[in-house]
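Here's the structure we're looking at; comments come further down.
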2 protein chains.
Amino acid sequence: MTVLLDSPVKCSSCPIRHRAVCARCDEDELSILEGMKSYRTFEAGQLILWRGEPLTYVASVVHGVASLSKTLEDGRTQMVGLLLPSDFIGRPGRDEIEFDVTATTDVTLCCFDRAPFERLVDETPHVAQRLMELALDELDAARDWMLLLGRKTAREKIATFIEMLARRSHSENVLTTKVVLPMTRDQIANYLGLTLETVSRQFNALKKDGIISLTDRRHVDVLDYAALHEATGDDADGGVLS
Amino acid sequence: MTVLLDSPVKCSSCPIRHRAVCARCDEDELSILEGMKSYRTFEAGQLILWRGEPLTYVASVVHGVASLSKTLEDGRTQMVGLLLPSDFIGRPGRDEIEFDVTATTDVTLCCFDRAPFERLVDETPHVAQRLMELALDELDAARDWMLLLGRKTAREKIATFIEMLARRSHSENVLTTKVVLPMTRDQIANYLGLTLETVSRQFNALKKDGIISLTDRRHVDVLDYAALHEATGDDADGGVLS
DNA sequence: ATCGTGATTTGACCCAAATCAAAGTGACAT
DNA sequence: ATGTCACTTTGATTTGGGTCAAATCACGAT
């Protein structure tokens, strides 16, 4: 199941050092974190946490992609968030979550036991502030997603999804044309409030229109950024995810 | 336009005293707030704040209902949040919002200028904590709404909406059967990702099934709570808003 | 190489909700 | 009482995307 790695990387050379909850920690604070952290890895498809389960630890995503999802009585499900590297799982002052967390790809988490972590948060205002910023970013992303789920057509949903991945996958500030899809058509459907068949059809429709090309199942090449943005339905600079 | 009332009520007798951002303030802190607050009222339909506009003040909703909404290029809109009494507008560390805020009914806000308020937040950890709780509540509500927008049928959406209002409108812990709709069919449609015609038809379908009765346009009477919950599609205790 | 399995694409058909179009309601002003 | 205006209901029709079903593809295991 869960594999515990005995040797997490040093905070100072951690890939998410500058974006995660620890972004503004100084050397002393990092060494405290260093002492209380442990890595856990999960394989693609594994359930990481589930609704109602008491949270014994909180964590930052180091590598990979995890998803948050909610389920209706009859089994219909909707993803309600994607966790990319540097995103945070768990929240101060709550010991349950009301959704499931699943590893979408193989995932590495940097975990902290709750009690000592919460103590650190109470004593370190800028960590609390950083948590607040992360929560507000999630809230903004959730609201963009509400607009997508409530009002966008299937084509607009797919275009928005590709644009979002392109935006997030550029390492610095260069827009990449090659986008890696971190999930299957089924999972994409789940994220966008569609069925997998519609996802497939719309990918191919965008391809037929010369906006993207599909090299293999997990890679999209954006041929025409302007047309892609046009296809999202968003106005000028709206709809930006985080 | 905006009316400024010169005599806001005393914090100590404020109806949202125990739920708003000031919930855990002591007498001294309240008197600081007392000194920096002012009331503003808006008529139903008025725009309170809009996207991109710099935020000069933050506020708590005292009376009435306001809505947050986002718009696509061609004018389709989606509400992304409802603000009921005690909900908070504005956020530490951001000076713009990425949605419009509109008065749904007549609204009274308790406003604080940003600069002094942020100073207070920095100096008063429990206010920062309360803001965090409010943000996390909004995030949970947003996620419930994503499930609704992405996966629920029109009937389920209407049932969920009525159930949410019933839950929120009970003054203490008694479930009321009479629910006041704080908005028009058009606005409800906007909130639920539907058209106004569909909203009207589904209200009448629930009525025909004996689950609710519609006294007048703005009042719903819940005749059968169990059936209403059944109709939401939520499982046992899920889908609770805030 | 071949098989098996899960992911993806494609096609045919259907239905829930959108769209288009008209009436119906009720509160208020004249 | 009459007209106006904004909101709501109801009906007829269309349609985007869901559903069901059958290939096709890709890739690791044997």
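Convention: sequence-line order gives letters A, B, ...; per-chain numbering from 1.
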* **Within residues 194-212 of chain B, residues whose heavy atoms come under 4.0 Å of DNA chain C** =>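 Those residues are B:L194, B:T195, B:E197, B:T198, B:R201.
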For [X] and [N], give me the distance from atom [atom1] to atom [atom2], rounded to whole Å.
X      : N      : atom1 : atom2 : result
A:L192 : D:dG16 : CG    : P     : 19 Å
A:K152 : C:dA17 : NZ    : C1'   : 21 Å
B:R185 : D:dT10 : CZ    : C1'   : 14 Å
A:D186 : C:dT9  : CG    : C1'   : 14 Å
B:I188 : D:dT9  : CD1   : C1'   : 14 Å
B:N190 : C:dA18 : CG    : P     : 12 Å
B:R218 : C:dA27 : CZ    : P     : 12 Å
A:L181 : C:dA7  : CG    : P     : 15 Å

* Could you pick out which residue, A:D216 or A:R155, lies toward the 5' side of DNA chain D when each is mapped onto its nearest nucleotide? => A:R155
* Answer yes or no: does a side-chain N or O of A:R217 lie under 4.0 Å from OP1 or OP2 of D:dC25? =>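 For D:dC25, neither OP1 nor OP2 has a side-chain N or O of A:R217 closer than 4.0 Å.
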* Please round to 10 degrees the angle between the axis of the first five pairs and the axis of the last five pairs in the helix from C:dA1-D:dT30 to C:dT30-D:dA1. => 30°
Determine yes or no for a side-chain-to-main-chain donor-acceptor pair under 3.5 angstrom, with [X] supplying the side chain and [Y] the backbone.
X      : Y     : value
A:D235 : B:L72 : no
A:T77  : A:T71 : no
A:T105 : A:V65 : yes

Indicate yes or no: does [X] engage [Y] in a salt bridge with an N to O separation below 4.0 Å.
X      : Y      : answer
B:E197 : B:R201 : no
A:D140 : B:R91  : yes
A:D144 : A:K152 : no

* **Residue list, side-chain hydrogen bond (donor to acceptor under 3.5 Å, both in side chains) with B:E156, at least two apart or on another chain** => A:R76, B:T153
* Asked: Would you call the rings of A:Y191 and A:W145 parallel, tilted or perpendicular, where under 30° means parallel and over 60° means perpendicular?
  -> parallel
* Structure fact -> Between B:R94 and A:D137, the two heavy atoms sitting closest are NH2-OD1, 2.7 Å
* Base, sugar-phosphate, or nothing: which does A:G193 touch, judged by heavy atoms less than 4.0 Å apart? -> sugar-phosphate
